[in-house]
Amino acid sequence: MTEEASPTEPGFSEEALEAGRLLFAGDATFVMGVVNLKQLPPADRTEVCFAGRSNVGKSSLINALTNRAKLARSSAEPGRTRELNYFDVGEGQLYLVDLPGFGYAKVSRSQTEAWTRLTKSYLRGRPSLRRVFLLVDARRGLMDTDEEVMDMMDKSAVTYQIVLTKVDKLAKGEVDKLASKIAEKLKKRGAAHPVVRMTSAEKGWGMPELRAEIAGLV
């Protein structure tokens with residue numbers, strides 16, 4: 001996989017890319033971990049969140065996006081994010097929210113159900129939430145659990161966008177084919193953003209574009 005733009009992934013103007021760079025050039029700090037909706041901070045700024053299966057690379061992507069090696073905690077053990085983790089970006093301009101990974105984790109069913117309820121309630125009722133970035137491992141493509149989350153967001157009219165992670169692990173042709181296949185599926189989903197973004201946290205691919213995408217929502 002190389003950094004060339006894909007036909008399914010429109011580029012940005014220099015101004016948009018610069019706006020994204022500036023937004024993420026300042027401090028990015030951990031604010032709080034939320035385990036119930038009563039703890040949510042005031043909805044006083046734009047909010048975007050990252051969702052995805054356990055081990056999809058959410059923490060690595062957030063670290064790459066913010067140019068911070070250890071802002072979000074990565075772990076070799078899937079399912080370690082067990083609350084809604086809030087990060088402040090751009091000195092009060094934006095909240096990034098890291099959601100608990102879905103799929104599997106070494107915890108009880110009751111704990112998993114509690115995370116699921118918290119996440120669903122957050123997604124349905126957060127007025128300042130502008131977009132959910134649903135991360136999908138390029139090596140695996142859309143899985144049943146991803147489709148279930150997409151179904152829920154479609155019903156709740158929560159705007160979401162697919163972001164492929166770990167695209168450096170595949171040939172460019174394979175990634176383009178997968179992105180085109182997913183983009184075709186998204187045409188049938190009312191709340192889905194039509195553009196599929198392609199990223200590699202390890203290589204830094206797609207970060208300027210994703211920053212520009214987010215800056216456009218602020």
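Everything numeric in this text was worked out from a predicted model, so none of it was measured.
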**OP:** Keeping the roles fixed (side chain from Arg211, backbone from Leu65), state whether a donor-acceptor pair exists under 3.5 Å.
**Re:** yes
**OP:** Kindly compute the distance separating CG (Leu23) from CD1 (Ile214), expressed to the nearest 0.5 Å.
**Re:** 7.5 Å
**OP:** Could you grab the distance from atom CD of Gln39 to atom CG of Leu84, nearest 0.5 Å is fine?
**Re:** 9.0 Å
Subject >> Considering all heavy atoms, the nearest Ala183-Pro194 contact >> reply: CB-O, 4.2 Å
Subject >> For the student: nearest non-hydrogen atoms of Tyr95 and Asp88, plus distance >> reply: CD2-CA, 4.3 Å
Subject >> Hydrophobic cluster identity match, Phe30 and Val35, side-chain contacts under 4.5 Å >> reply: no
Original post:
Same cluster for Phe50 and Leu217 if Ile/Leu/Val/Met/Phe/Trp/Tyr side chains link at under 4.5 Å?
Top reply: yes
Original post:
Is there a side-chain contact between Tyr122 and Glu47 (heavy atoms, below 4.5 Å)?
Top reply: yes
Original post:
Considering all heavy atoms of both residues, which atom of Thr46 and which atom of Arg130 are nearest to each other, and what is their separation?
Top reply: CG2-CG, 3.5 Å
**OP:** Side-chain contact test, heavy atoms from C-beta onward, threshold under 4.5 Å: evaluate it for Phe133 versus Glu213 and give yes or no.
**Re:** yes
**OP:** Carefully, step by step, assess Phe24 and Met207 under the rule side chain to side chain contact (heavy atoms under 4.5 Å, CB included).
**Re:** CA-CA 10 Å; Phe24 285 89; Met207 295 304 131; over 6 Å; no
Subject >> Arg197 and Val167: CA distance, side-chain angles, deciding distance, side chain to side chain contact (heavy atoms under 4.5 Å, CB included) verdict >> reply: CA-CA 10 Å; Arg197 290 281 160 208; Val167 300; over 6 Å; no
Original post:
Can you check whether Gly173's main-chain N or O pairs, donor with acceptor, with Asp176's side chain at less than 3.5 Å?
Top reply: no
Original post:
With the 4.5 Å side-chain cut-off for hydrophobic clustering, are Val97 and Met32 part of the same group?
Top reply: yes
Subject >> Gap separating the CG atom of Leu142 from the CG atom of Asp137, nearest 0.5 angstrom >> reply: 11.5 Å
Original post:
What's the spacing between Leu164 CG and Ser200 OG if we round to 0.5 Å?
Top reply: 11.5 Å
Original post:
For atom CD of Glu147, is the number of surrounding heavy atoms from other residues, nucleotides or ligands below 6.0 Å larger than 12?
Top reply: yes
Original post:
For the atom pair CE (Met152) and OG1 (Thr119), what is the distance rounded to the nearest 0.5 Å?
Top reply: 7.5 Å
Original post:
Can you hop from Leu40 to Val31 via hydrophobic side chains spaced under 4.5 Å?
Top reply: yes
**OP:** Check whether any side-chain heavy atom of Arg189 sits under 4.5 Å from a side-chain heavy atom of Asp151, and report yes or no.
**Re:** yes
Subject >> Same cluster (ILVMFWY, side-chain, under 4.5 Å), Leu178 and Met143 >> reply: no
Original post:
Looking at Leu123 and Cys49, what are the two nearest heavy atoms and their distance?
Top reply: CD2-SG, 3.9 Å
Subject >> Other residues, nucleotides, ligands: >12 heavy atoms within 6.0 Å of Asp144 CG >> reply: no
Original post:
Okay, side chain of Lys58, backbone of Leu99: is any donor-acceptor separation there less than 3.5 Å?
Top reply: yes
Original post:
Does any N or O in the side chain of Asp154 come within less than 3.5 Å of the main-chain N or O of Ala191, such that one atom is a donor and the other an acceptor?
Top reply: yes
Original post:
Would you say Thr66 and Leu96 make side-chain contact, with heavy atoms under 4.5 Å?
Top reply: yes
Subject >> Distance, nearest 0.5 Å, that separates CD of Gln161 from CG of Leu135 >> reply: 10.5 Å
Subject >> Polar side-chain atom of Thr199 near backbone of Trp205 as donor-acceptor pair, under 3.5 Å >> reply: no
Original post:
Are Glu184 and Lys181 ion-paired here, with the side-chain N under 4.0 Å from a carboxylate O?
Top reply: no
**OP:** Over all heavy atoms of both residues, which pair between Asp146 and Leu134 is shortest? Give the atoms and the distance, please.
**Re:** O-CD2, 4.1 Å
**OP:** Applying salt bridge (Lys or Arg N to Asp or Glu O under 4.0 Å), run through Lys177 and Glu174 and close with a yes or a no.
**Re:** CA-CA 5 Å; Lys177 184 176 179 181; Glu174 293 179 89; over 6 Å; no
Subject >> Contact summary for Ala28 and Val89, nearest pair of heavy atoms >> reply: CB-CG2, 4.3 Å
Subject >> side chain to side chain contact (heavy atoms under 4.5 Å, CB included) assessment of Leu61 paired with Leu210 >> reply: CA-CA 10 Å; Leu61 184 137; Leu210 189 53; 3.9 Å; yes
Original post:
Is there a donor-acceptor pair under 3.5 Å between the side chain of Ser156 and the backbone N or O of Arg124?
Top reply: no
